[in-house]
Every structure is written in C-alpha cells, then in structure tokens.
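Report on one structure; see the data block that follows.
Indexing begins at 1, ligand by ligand and atom by atom, following the structure's order.
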Amino acid sequence: MSHQPYVIDEMISAKSIAARVEALAKEITQAFKGTDKLIVVGLLRGSFVFIADLVREIDLPVEVDFLEASSYGDAMESSREVRILKDLRGEISGRDVLVVEDIVDTGFTLHHVVNLLKSREPKRLEVCALLDKPSRREVPIKASWTGFEIPDEFVVGYGIDFAQRDRNLPHIGKVRFIENPDG
Ligand code: IMP
Ligand code: MG
C-alpha cells in the first residue's frame, strides 16, 4: 500500500533509551528479588527490541515468552477490539510475570491482555511499557513501570512501526507528514 510521504523527527535518542532501559531493569530486578524465575512476556511485535535490551539488563533468572494481540493493522487508530493471535507457550499459574509492551495508547490492548493473564492466576503480574501516551487513554490502566511519557504523536522506531515500516530505527521518532507535490 502507498502512503502520504512522511519524515521522522527524532524524539528520544538511542542513548536516552539505553539509559532508561538500564534504570528500569534495575528497578525490576529489585522488585522481583528472590524470585525463582521471572517470566517476561513480550507483546508482539512492537516490544521485540525493547524486551531484548531489557532482559539483558535484568539480573534475575528469566524466561521469555511472547503473546500477540491484534493490532492496528495498517491504520493509525486502535480498533478497540482486541483478539489474541498468538498465545503464550508456557504456563504462568503461580509464577512471577512481567508483561512488556511498547506503547500504551487507548489502553484497550493492555487491559485485555492483563485481564486474560490474571485469569490464569499468576503469583504476581506487573507491566513495563516503554512509552505511554496518557492523554489518549480510554480505559483506565497504568503500567507498573513506564519508560517515557510522550504527547499525542504517532511514533516509530526501536521496534515500533508505521504499517510495518521503521521498526529498525535505533531511536524513537515522530511521524510528520509532508505535502505531496502531486497531491
Ligand atoms: P492501545 O490498545 O490503543 O493502547 O494500543 C496499543 C498498541 O497500539 C501499541 O502496542 C502499539 O502497537 C500501537 N500503537 C499505539 N500508538 C502507536 C504509535 O504512536 N506508533 C505505533 N504504534 C502505536
Ligand atoms: Mg503493540
């Protein structure tokens, strides 16, 4: 599909992200100290870069699992209807679980996923989100840890996409549409 042309303006540098990830991992390590095994659940696909960096800074026995919830598709708006496209491989009953999300926007995705996982009766369930857009919230939910609060801008990079593009940017930038000379 084709898009109106856009440029990406840097919002959070790779260096700032790395420093924040390190700090988050320290807090998470402290919070789950003594656990026999922390199950880190990445929400696909947007969290794949974040979770890779985060788990390498967590100083605990860790198991990694993934869950995929239906996303925006190629749109910039949440569908508000969340479906599970890929479920966890492992059991979480009685375990310490950390859900890792890229962005909390309206909150529908995280709300659905947290309710689903809580119904499996983990011992403890916390959420770490890299980004939060609190001004967009429609469902009251907050991550236990948030990397950065950002304004209502559409962002890409560090695993986060716009219609599957720009996930490989090392920093986080905001999408700015430019005038189409033919438009
Ligand atoms: P929510 O259900 O509205 O909270 O949407 C959360 C999901 O929407 C995130 O996990 C992202 O995959 C996606 N999303 C929200 N905001 C953005 C954005 O600015 N850029 C790219 N994806 C986004
Ligand atoms: Mg997502």
Side-chain angles (χ1 to χ4, degrees), residues 1-14 16-17 20-21 24 28 39-55 64-88 92 97-119 125-178:
M1 72 185 279
S2 77
H3 282 286
Q4 192 186 338
Y6 63 91
V7 293
I8 298 164
D9 299 324
E10 182 169 308
M11 184 188 260
I12 308 170
S13 70
S16 306
I17 297 169
R20 189 69 189 117
V21 169
L24 288 169
I28 290 162
I39 304 182
V40 182
V41 172
L43 302 193
L44 293 173
R45 284 171 264 180
S47 72
F48 82 104
V49 176
F50 180 37
I51 195 173
D53 284 346
L54 189 69
V55 293
V64 175
D65 205 341
F66 292 97
L67 186 146
E68 184 171 13
S70 61
S71 72
Y72 282 23
D74 280 351
M76 287 174 104
E77 272 294 317
S78 170
S79 61
R80 288 174 178 73
E81 218 184 84
V82 184
R83 286 172 305 129
I84 301 301
L85 304 178
K86 184 214 167 290
D87 206 338
L88 299 179
I92 58 165
V97 177
L98 178 71
V99 174
V100 176
E101 173 63 313
D102 55 354
I103 309 183
V104 189
D105 188 43
T106 63
F108 279 97
T109 306
L110 195 56
H111 184 252
H112 185 91
V113 167
V114 163
N115 282 347
L116 173 73
L117 297 185
K118 275 189 174 161
S119 74
L125 188 140
E126 307 284 353
V127 176
C128 180
L130 178 65
L131 304 176
D132 188 1
K133 297 186 204 172
S135 67
R136 297 259 308 159
R137 198 72 88 255
E138 294 179 31
V139 177
I141 188 154
K142 200 168 177 8
S144 327
W145 293 278
T146 298
F148 303 90
E149 285 197 358
I150 60 168
D152 181 11
E153 303 277 5
F154 198 84
V155 295
V156 293
Y158 197 69
I160 301 163
D161 72 302
F162 175 29
Q164 302 310 323
R165 294 165 63 174
D166 307 314
R167 290 192 197 274
N168 55 332
L169 273 184
H171 57 269
I172 290 166
K174 63 178 182 187
V175 168
R176 177 164 53 89
F177 290 104
I178 49 179

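Near Thr106, the atoms of ligand 1 lying under 4.0 angstrom from a non-hydrogen atom of the residue are 1 (P), 2 (O), 3 (O), 4 (O). Less than 4.0 angstrom separates some heavy atom of Glu101 from each of these atoms of ligand 1: 9 (C), 10 (O). With ligand atoms numbered from 1 in the order given, ligand 1 contributes 2 (O), 4 (O) to contacts under 4.0 Å with heavy atoms of Phe108. Near Ile160, with a cut-off below 4.0 Å to any heavy atom, the atoms of ligand 1 are 20 (N), 21 (C), 22 (N). Which parts of ligand 1 touch Glu153 is read off a 4.0 Å heavy-atom cut-off, strictly below it: atoms 19 (O).
At under 3.5 Å, a nitrogen or oxygen of Val155, whether backbone or side chain, sits near a nitrogen or oxygen of ligand 1. Not a single N or O atom of Val156, backbone or side chain, sits closer than 3.5 Å to an N or O atom of ligand 1.
When non-hydrogen atoms are compared, ligand 1 lies under 4.0 Å from the backbone of Asp105 as well as from its side chain. With a 4.0 Å heavy-atom cut-off, ligand 1 is reached by the backbone of Ile103 and by its side chain too.
Under a 3.5 Å cut-off, the side chain of Ser144 and the backbone N or O of Val127 do form a donor-acceptor pair. Distance alone, capped at 3.5 Å, is enough to place a donor-acceptor pair between the Ser13 side chain and the Ser16 backbone. Side-chain N or O atoms of Arg45 include none that pairs as donor or acceptor with a backbone N or O of Glu68 at under 3.5 Å. For Arg20 (side chain) and Gly147 (main-chain N/O), a donor-acceptor pair under 3.5 Å exists by modelled atom type. No donor-acceptor pair closer than 3.5 Å links the side chain of Arg167 to the backbone N or O of Tyr158.
What you find for Leu125 and Lys118 is that their closest heavy atoms are CD1-N, 4.4 Å.
Look at Lys133 and you'll find a heavy atom under 4.0 Å from some atom of ligand 1. Residue contacts with ligand 1: Asp161 is included, with a non-hydrogen atom under 4.0 Å away. Ligand 1 does not have Gly46 within reach: every non-hydrogen atom of the residue lies 4.0 Å or more from it.
Put simply, the residue from Asp132, Asp105, Asp152 that forms a salt bridge (charged side-chain N to carboxylate O under 4.0 Å, His left out) with Arg137 is Asp132.
Between Phe162 and Phe177, the two ring planes are perpendicular [angle over 60°; tilted spans 30° to 60°].
Counting only non-hydrogen atoms, the option in Thr109, Asp102, Ile141, Val82 that gets closest to atom 11 (C) of ligand 1 is Asp102.
How far CD1 of Ile92 is from CD1 of Ile39: 7.0 Å, rounded to the nearest 0.5 Å.
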